[in-house]
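The chains referred to below are lettered A, B, ... by the order of the sequence lines, with proteins before strands, and numbering in each begins at 1. Just so it is clear, the values below take in all heavy atoms, side chains as well, and ignore hydrogens, waters and symmetry mates. Since this is a predicted model, take the numbers as computed values, not measurements.
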Number of protein chains: 2
Amino acid sequence: MPKETFHNLPDGKKQTLMDALQKEFSQAPLFQASISNIIKRANIPRGSFYQYFVDKEDAYFYMLNQMLHEVRERFLGMLEKSDGDLFDAMVTFYQTMTEEDENFHFFKNSLLNMNHKIEKTMSKIFENEQSSEQCARLHASIDKSKLKIEKDEELYYVMKIISAVTFHNLIDRFSKNLSNEQALAQYCKQIDMLKIGLVRD
Amino acid sequence: MPKETFHNLPDGKKQTLMDALQKEFSQAPLFQASISNIIKRANIPRGSFYQYFVDKEDAYFYMLNQMLHEVRERFLGMLEKSDGDLFDAMVTFYQTMTEEDENFHFFKNSLLNMNHKIEKTMSKIFENEQSSEQCARLHASIDKSKLKIEKDEELYYVMKIISAVTFHNLIDRFSKNLSNEQALAQYCKQIDMLKIGLVRD
DNA sequence: ATTATAAGTGACAGGTTGTCATAGGTCAAC
DNA sequence: GTTGACCTATGACAACCTGTCACTTATAAT
């Protein structure tokens, strides 16, 4: 987490710094991004950076969390719009993630170089930890009657499966540079298979 | 790929170097491993390393591929032993990957810091690219009559789904330090859900 | 004005990487 | 056995990067 000092910063300076972070992390994945670049861009001295953040990771995860908050809201919105149909919402979600908005390159880099810490953070979009309070809203928005689950706990596994497959498809889309149409078709195919199951009755 | 010079090395020296690589990459993930450490361990001068490999990545992927070759053989063996039942074989495979053999830490590091390039390489275990010749043996070993697929092409998606879920479970197992029993139970649960499908009929 | 507390700063030590000029070995041919 | 072609070995080096720290400057409160 950023240090107190960062939060005390006047809005202008804070924004400049955020922009610098955003640019650097859009250009290179976490492990390749450099603090030197960031401070050059933000035009702050080296010492100041360490006044605000513990290190590169700290800054990165701050950014990432900020962005994910929006994404999560968007996802919950989709879920409500699709009357609690998890699969429909996921497909819509998948599509928005492949659209080239201002955060496209940031997410692309993050997905292509996703270690377990990044993934854990990203999974918050579908907040899902067993016994988390935060996930109440998610649980409330999903129409469970459509799902083949008996206990609430099983929803946890459903979410795990779906998010695993979704992230993998996004990564595939980016690493192979598939067209949006191709990638979407593949994703939908897989979602369908998840729905009906993989073994013959 | 390692340079010619590496292959020309006398076996003893080659082995020493491989051991040094293996140790370094077991101790730290690719992005944190250092060439300086490797050459210290292997007791070779800096210039020599670059005589053998293009860079750290080159050395890493050489190692990884070597190891994966064995793993793949093991997996195909399991598949045959379980009479072509893909799901049974996967569960056995999952278990062997969580056993603490000599390569345990190497794979743990790789899984916890798996970018798309590492993942692509690892997926070779379940070699599966559409229109690849290499995957003939895999296709031959799987009893497709047990699967809900119509065209051969659909097997591609089945494998994608299963490997996505499997890798995610392995990562979960390692990052949360679950016990083998706990982790296996969760994995089997998810495999079952994949088999029968996620939506109510 | 004085003092305490917070923030800003850049030179620096210690580490890393990839390169390159130089030195050393091997082997076939003359 | 000398020559030259070719491959390999070597470590000093430039260029970079990170995290720290002693020091300066600002702000606020008494």
Side-chain angles (χ1 to χ4, degrees), chain A residues 1-64 109-110 113 115 117-118, chain B residues 1-64 109-110 113 115 117-118:
Chain A
M1 277 202 317
K3 301 182 183 173
E4 192 57 32
T5 324
F6 174 75
H7 297 297
N8 294 342
L9 240 34
D11 283 355
K13 203 169 177 182
K14 206 190 289 189
Q15 196 51 54
T16 311
L17 186 43
M18 292 289 282
D19 288 349
L21 291 178
Q22 146 93 282
K23 268 195 192 129
E24 179 65 8
F25 291 127
S26 296
Q27 209 145 75
L30 175 54
F31 81 103
Q32 278 176 340
S34 97
I35 294 175
S36 293
N37 275 344
I38 294 169
I39 62 177
K40 255 178 247 158
R41 267 200 247 266
N43 204 30
I44 57 170
R46 185 161 201 81
S48 292
F49 180 91
Y50 288 95
Q51 209 75 285
Y52 309 142
F53 301 104
V54 174
D55 55 17
K56 198 170 53 166
E57 271 212 356
D58 188 28
Y60 172 81
F61 280 100
Y62 175 67
M63 267 258 92
L64 183 57
N109 272 328
S110 298
N113 285 66
N115 61 22
K117 214 175 152 189
I118 296 180
Chain B
M1 278 203 319
K3 300 182 184 174
E4 192 56 31
T5 323
F6 175 74
H7 296 297
N8 295 341
L9 240 37
D11 282 354
K13 202 168 177 184
K14 206 190 290 190
Q15 196 51 52
T16 311
L17 185 44
M18 292 290 281
D19 288 350
L21 290 179
Q22 146 92 282
K23 267 195 193 129
E24 179 65 9
F25 290 128
S26 295
Q27 210 145 75
L30 175 54
F31 81 103
Q32 277 176 340
S34 97
I35 294 176
S36 294
N37 275 344
I38 294 169
I39 62 176
K40 257 178 246 158
R41 267 201 249 265
N43 204 30
I44 57 171
R46 185 161 202 82
S48 292
F49 181 90
Y50 288 96
Q51 209 76 282
Y52 309 142
F53 301 105
V54 175
D55 55 16
K56 199 172 51 167
E57 271 211 357
D58 189 28
Y60 173 81
F61 280 100
Y62 175 67
M63 267 257 92
L64 183 58
N109 273 328
S110 297
N113 285 68
N115 61 22
K117 216 176 151 186
I118 296 180

Looking only at N and O atoms, is any donor in the side chain of Q51(B) or the base of dA9(D) less than 3.5 Å from an acceptor on the other one?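 Answer is yes: a donor-acceptor pair is held.
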
Taking five pairs at each end of the helix from dA1(C)-dT30(D) to dC30(C)-dG1(D), what angle separates the two helix axes (nearest 10°)?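 If I round to tens, the end axes sit 20° apart.
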
Show me the pairs that pass side chain to side chain donor-acceptor pair (under 3.5 Å) and involve [range], at least two apart or across chains.
range	result
residues 6-18 of chain B	Q15(B)-D19(B)
residues 53-62 of chain A	E57(A)-K117(A), Y60(A)-S110(A)
residues 30-40 of chain A	E24(A)-N37(A)

How long is the span from the [atom1] atom in [X] to the [atom2] atom in [Y], to the nearest 0.5 Å?
X	Y	atom1	atom2	result
L30(A)	N113(A)	CG	CG	8.5 Å
S26(A)	M63(A)	OG	CE	8.0 Å
L17(A)	F6(A)	CG	CZ	5.5 Å
L9(A)	M18(A)	CG	CE	11.5 Å
F53(A)	I35(A)	CZ	CD1	10.0 Å

Quick check: does any side chain N or O of N109(A) sit under 3.5 Å from a backbone N or O of F25(A), one acting as donor and the other as acceptor?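 The answer is yes, because a donor-acceptor pair under 3.5 Å joins these two groups.
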
Using whole Å, report how far CD1 of I44(A) lies from C1' of dG10(C).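 Going from CD1 in I44(A) over to C1' in dG10(C) covers 13 Å.
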
Could you state the atom-to-atom distance from CZ of F53(A) to P of dT18(D) in whole Å?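 Checked: the CZ to P distance equals 15 Å.
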
Quick one, give me the B/S/- string for nucleotides 13-27 of chain C, reading 5' to 3', where B means a protein heavy atom under 4.0 Å from the base and S means that only happens at the primed atoms, P, OP1 or OP2. ---SBBB--------

Taking only heavy atoms on the protein side, list every residue of residues 1-32 of chain B lying under 4.0 Å from any atom of DNA chain C, sorted numerically.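 Hits under 4.0 Å, by residue number: none.
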
Which atom of F49(A) lies closest to which atom of A59(A), heavy atoms considered: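 Nearest heavy atoms, F49(A) then A59(A): CZ-CB, 4.1 Å.
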
So, is Y52(A) near the phosphate of dA7(C), with a side-chain N or O under 4.0 Å from OP1 or OP2?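 Answer no for this pair, as no side-chain N or O of Y52(A) is under 4.0 Å from OP1 or OP2.
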
